[in-house]
Amino acid sequence: MHTIAPTPSENDPVGLCMAGVISPEVAVSRLLLGHVTGEGIAAMLEQRRAEPPSLRWQALSTLVEARRPELERLLAEVVRAGSNHALPATDPLAGAAEIAGFFDRAVANSPEASVALYSLGDPAILATATAEILDWLNERALLREDADVLDLGCGIGRLAAALAPRARSVLGLDVSEGMLAEARARCAPWPHVRLAHTTGQDLDGLAAHSLDLVLAVDSFPYVVRLGPTVVARHVEGAARALRPGGALVVLNLSYGRGVAADVAEAREWGTAHDLALDVAGERPFALWDGLAYVLRRRG
Ligand SMILES: C[S@@+](CC[C@H](N)C(=O)[O-])C[C@H]1O[C@@H](n2cnc3c(N)ncnc32)[C@H](O)[C@@H]1O
């Protein structure tokens with residue numbers, strides 16, 4: 001008789017990793033966000049050394065040992081800056097300025113970790129995560145060489161730079177000038193990538209029917225933090241800017257609200273703007289635990 005192992009709790013990143021639910025990189029980043037030191041993570045692993053499957057344990061253990069000094073540095077930064085997942089909701093303009101300040105400081109500390117803590121500051125880990133996003137967009141036929149793309153909350157421009165060879169134009173928008181400076185350096189080889197500051201309140205500046213893809217990778221949770229009016233303005237702006245057949249792709253819609261609530265909200269966007277909800281809260285990536293939503297403009 002087979003016994004089915006219970007799914008580990010969301011509060012047990014090591015157990016989730018060993019059960020194959022999340023990657024070692026995401027497990028470590030979650031532990032850092034919980035203020036567990038590199039030493040603490042190593043001790044946790046030691047206690048679970050005998051648990052199957054040993055290959056997952058080994059992968060986690062190898063990652064932690066290889067990156068030990070970096071973990072202590074990242075943890076110090078997480079403790080100093082506070083979690084960006086927990087920024088308080090204030091009025092939308094002040095909230096956006098606060099978020100911008102957070103990311104200005106984060107990018108100065110570690111560009112890679114500032115956009116993806118699970119990269120643990122390692123450009124190679126971030127490149128793998130970026131490649132899996134690009135591959136997935138490609139598999140879903142969301143990339144086209146004649147496409148005009150908006151990278152909303154572009155951060156250091158890793159997606160804008162990766163999209164550049166595969167698109168006609170890329171516009172990156174961000175609230176953080178520090179992020180934009182880094183993105184400009186990384187996207188310098190691509191004259192058809194434009195990077196611009198946004199106040200983070202709406203997408204009113206986008207022309208109607210001017211885009212084929214609006215991509216928001218781990219940036220929409222910050223829009224959500226600015227409140228429902230700001231969310232509605234963004235979705236309305238994106239829907240208006242999309243050409244028929246174009247798609248709004250949101251990878252992570254909120255933090256901590258739960259997938260059922262986010263799917264319900266995405267469904268409301270679809271109804272309000274005549275967008276088909278093609279993907280609703282799937283977790284398509286191996287390295288990153290981002291949840292995907294794809295809304296396609298009909299026609
Ligand atoms: C976690 S980072 C992700 C960056 C990038 N999308 C990536 O995956 O590499 C979130 C980014 O969203 C930006 N951001 C937050 N709120 C925003 C808003 N309302 N409008 C535009 N950008 C925003 C932040 O400044 C930050 O660069």
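For ligands, and for the atoms within them, numbers begin at 1 and follow the listed sequence.
- Not one N or O of Y222 is nearer than 3.5 Å to an N or O of ligand 1, by distance alone.
- Take R166 and apply the side chain to side chain donor-acceptor pair (under 3.5 Å) test, not counting sequence neighbours, and it matches N138.
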Sequence neighbours excluded and cut-off under 3.5 Å, please list the side-chain donor-acceptor pairs for residues 240-247, or say none.
residue, atom, partner, partner atom, Å
R240, NH2, L203, O, 3.4
R240, NH2, L206, O, 3.0
R243, NE, H209, O, 3.1
R243, NH1, D148, OD2, 2.9
R243, NH1, D212, OD1, 3.4
R243, NH1, D212, OD2, 2.8
R243, NH2, D148, OD2, 3.2
R243, NH2, S210, O, 3.2

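- Residue-to-ligand polar distances keep L159 apart from ligand 1: every N/O pair is separated by 3.5 Å or more.
- Taking the charged nitrogens against the carboxylate oxygens, R30 and D289 do have a contact shorter than 4.0 Å, which makes a salt bridge.
- At a heavy-atom cutoff of 4.0 Å, ligand 1 is contacted by the side chain of I99 but not by its backbone.
- Atom numbering of ligand 1 starts at 1 in the shown order; those under 4.0 Å from a heavy atom of T198 are 20 (N), 21 (C).
- Within the set D202, V224, V175, the minimum heavy-atom distance to atom 20 (N) of ligand 1 is found for V175.
- Contacts between A216 and ligand 1, counted as non-hydrogen atom pairs separated by less than 4.0 Å, are absent for every part of the residue.
- Using a 4.0 Å cut-off between heavy atoms, I156 makes no contact with ligand 1 at all.
- Between W269 and F220, the angle of the ring planes lies from 30° to 60°, which puts this pair in the tilted group.
- Aromatic ring pairs are classed by plane angle as parallel below 30°, tilted from 30° to 60° and perpendicular above 60°; the pair F285 and W288 is parallel.
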